[in-house]
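Everything below concerns the one structure shown next.
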Amino acid sequence: MSKVPQQNTTTDANGVSVIHTPAHTSGLQQVPQLVPVSPGGGGKAVPPSKQGKKNSFVDRNSDEYRQRRERNNMAVKKSRLKSKQKAQDTLQRVNQLKEENERLEAKIKLLTKELSVLKDLFLEHAHSFADNVQPVGTETTTANPENSGQ
């Protein structure tokens, strides 16, 4: 018959059951197995900062409680002021960017008009230049009266 190792079960301060079994005869250290206390096994994990505070009763008239509440109230006030300041800074930045955008759009309009005027001047000059210049290889057919009798 095979021998079944003996198990001891304990519950720690956090409500977690720990199963301890005797170490193997080979000298290896046994690692405890964590088992949930509830049979369903689907409880929420509790952060370490709240593990000891779960069932502790706090006297609301104590000095420690009043100090903790005051510190917390100051931290909340500071956090809200910081959030409000950040929102104001963001709004100010949005307004600056809107003004800059409007200024740049006005500059674009001005430069577009200037470009249009310069294009028109260039095209007018190009047309008048083309009218005054004759294509190469074309001679005038009109006779020059000064050179005609020689």
Could you go through residues 73-95 and list every donor-acceptor pair under 3.5 Å that involves a side-chain atom there, pairing it with any protein atom two or more places apart or in another chain?
from, atom 1, to, atom 2, distance (Å)
Asn73, OD1, Arg69, NH2, 3.3
Asn73, ND2, Arg69, O, 3.3
Gln85, NE2, Asp89, OD1, 2.9
Thr90, OG1, Lys86, O, 2.8
Asn95, ND2, Leu91, O, 3.4

Using the side chain to side chain contact (heavy atoms under 4.5 Å, CB included) criterion, which residues pair with Gln67? Sequence neighbours excluded. none

Which residues share a side chain to side chain contact (heavy atoms under 4.5 Å, CB included) with Ser62, sequence neighbours left out: Asp59, Glu64, Tyr65

Using a 3.5 Å cut-off and no angle test, enumerate the donor-acceptor pairs between side-chain atoms of residues 98-121 and protein atoms at least two apart in sequence or in another chain.
from, atom 1, to, atom 2, distance (Å)
Thr112, OG1, Ile108, O, 2.6

Evaluate whether atom CD of Gln96 has more than 12 neighbouring non-hydrogen atoms of other residues, nucleotides or ligands under 6.0 angstrom away. yes

Connected hydrophobic set around Leu123, excluding itself, where side chains approach under 4.5 Å: Phe122

